[in-house]
Amino acid sequence: MDVPEAAAACSRVVDEVGGAVVADREFLDRVTLGILARGHVLLEDAPGTGKTLSARSFATALGLEFSRIQFTPDLLPSDVTGTNVFDERDGSFSFSPGPVFANVVLADEINRAPPKTQAALLEAMEEGQVTVDGDTHELPSPFYVIATQNPVESEGAFPLPEAQLDRFAVKTSIGYPDDDGEVELLRRRAGRAERAPTVERVLDPDAVAALREVPETVRVEDDLLEYMAALARATREDRRVDVGVSPRGTQRLFETARAAAVLAGREFVTPDDVKRVAEPTLAHRLVLTPDAAVNDADERDVIADVLDRVAVPTVEAAEA
């Protein structure tokens, strides 16, 4: 699969999902970025905005196996990864896979589970495997986590640690629909008997695997590599920031910028690609100082200021 074919496939997937989810194109493209960049996506929004529907719709359109894990305060790590079950007939143990063994895993309200259970996803997200009682089990490929968290509730919630936030390639939100969007939502509901809209399959697992290889063919010039590194360093030097973008975050910026180029149907990355993906890729990796937090500073504002301060390579140099 080449870049134009990949761009067309992504466009078909987004169009299909957009027929079920009332959301702007930017949100759907950001979720697609995570798929293309072989990363994971964190959706943070109020209840009832369509986070679960979005995850399920993407899985269906991609033709992938879907699994949903409802995170609760009493959820155990084994409830996510699976456990060894004793067979009385022959006195042996056999592994019973947990719901994490799927292509697309929806970790619903992930911040409601205690840290030990949240950590059960770390190995799965980073290594594509889980270890239970010393035995390692490979997860299906492709493997893609879409996690949701509710920023409204604080009681019974456990904020995600920085180590796990850093595992998400992209963090984004749907937001409330505008007036026309909410009317369209009601119009669609009036036109069907079921509450949830249906989505048709657009791709299959083999096509998705090929799709995720395409960004590796995208060209990134040296001046753009220096630009990405400079953006990461600038976040570490900002007075409002206690912990800036990690080297892992810089790599994710590189990967999502290449994915953005694929979505645009280009075989090379431009500065605009980097600027377009900087906020959803980097903002959630920042830890603000206590003073900045008290003064209601926002991580997204820090990224916007950094983009304004760091010199941008010329388009001619990037395309040369």
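Reckoned from all heavy atoms, side chains included, excluding hydrogens, waters and symmetry mates. Counting from 1, the numbers follow the sequence of the chain as shown.
Taking a 6.0 Å sphere around CZ of R25, one finds it holds more than 12 heavy atoms contributed by other residues, nucleotides or ligands. For E200, the CD atom counts as loosely surrounded, since its 6.0 Å shell holds 12 or fewer non-hydrogen atoms of other residues, nucleotides or ligands. Around CG of D179, the count of heavy atoms belonging to other residues, nucleotides or ligands within 6.0 Å does not exceed 12. More than 12 heavy atoms of other shown residues, nucleotides or ligands fall within 6.0 angstrom of atom CD in Q70. Around CZ of R300, the count of heavy atoms belonging to other residues, nucleotides or ligands within 6.0 Å does not exceed 12.
Looking at S96, its side chain never comes within 3.5 Å of a backbone N or O of V85 through a donor-acceptor pair. Formation of a donor-acceptor pair under 3.5 Å by the N295 side chain with backbone atoms of A297 is not found in this model. T256 places no side-chain N or O within donor-acceptor distance of the main-chain N or O of T281, the cut-off being under 3.5 Å. For T172 (side chain) and P280 (main-chain N/O), no donor-acceptor pair under 3.5 Å exists by modelled atom type. Side-chain atoms of R236 come within 3.5 Å of backbone atoms of V245 as a donor-acceptor pair (strictly under, hydrogens ignored). Under the 3.5 Å distance criterion, the side-chain polar atoms of S11 are left unmatched by any main-chain donor or acceptor of A7. Between the D45 side chain and the I174 main chain, a donor and an acceptor come within less than 3.5 Å of each other. Between the side chain of E279 and the backbone N or O of A304, no donor-acceptor pair lies under 3.5 Å. Remark: the backbone N or O of T72 is not paired with any side-chain donor or acceptor of R112 at under 3.5 angstrom. Checked by atom type and distance alone, the side chain of E5 pairs as donor or acceptor with a backbone atom of D2 at under 3.5 Å.
A salt bridge links D273 with R266: the closest approach of a Lys/Arg side-chain nitrogen to an acidic carboxylate oxygen falls below 4.0 angstrom. Salt bridge present: E255 and R252 bring a charged side-chain N and a carboxylate O closer than 4.0 Å. Contact check on R258 versus E216 returns a salt bridge, with a Lys/Arg side-chain nitrogen under 4.0 Å from an Asp/Glu carboxylate oxygen. The pair E26-R30 meets the salt-bridge criterion, with a side-chain N (NZ, NE, NH1 or NH2) lying under 4.0 Å from an Asp/Glu carboxylate O. Comment: D29 does not engage R276 in a salt bridge, judged by the lack of any side-chain N to carboxylate O separation of less than 4.0 angstrom. By the 4.0 Å N-to-carboxylate-O rule, K275 lies too far from D308 to be salt-bridged with it.
There is a side-chain donor-acceptor pair under 3.5 Å between T148 and D108.
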Subject >> Trace of the side-chain contact (heavy atoms from CB on, under 4.5 Å) decision for V274 with V312 >> reply: CA-CA 10 Å; V274 178; V312 181; over 6 Å; no

Subject >> Verdict with supporting geometry, H284 and E299, side-chain contact (heavy atoms from CB on, under 4.5 Å) >> reply: CA-CA 7 Å; H284 63 283; E299 294 88 347; over 6 Å; no

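Using cut-offs of 30° and 60° for the angle between ring planes, the H137 and F95 rings count as parallel. Ring-plane geometry between F168 and H40 is classed as perpendicular, the angle between the planes exceeding 60 degrees on a 0 to 90 degree scale with a lower cut at 30.
For the residue pair T81 and V100, the shortest heavy atom distance occurs at CA-CG1, 4.0 Å. When every heavy atom of T83 is checked against every heavy atom of S78, the shortest pair comes out as CB-CB, 4.3 Å. Residues T217 and V3 approach most closely at OG1-CG2, 4.1 Å, considering heavy atoms.
With sequence neighbours excluded, the residues satisfying salt bridge (charged side-chain N to carboxylate O under 4.0 Å, His left out) with K171 are E44.
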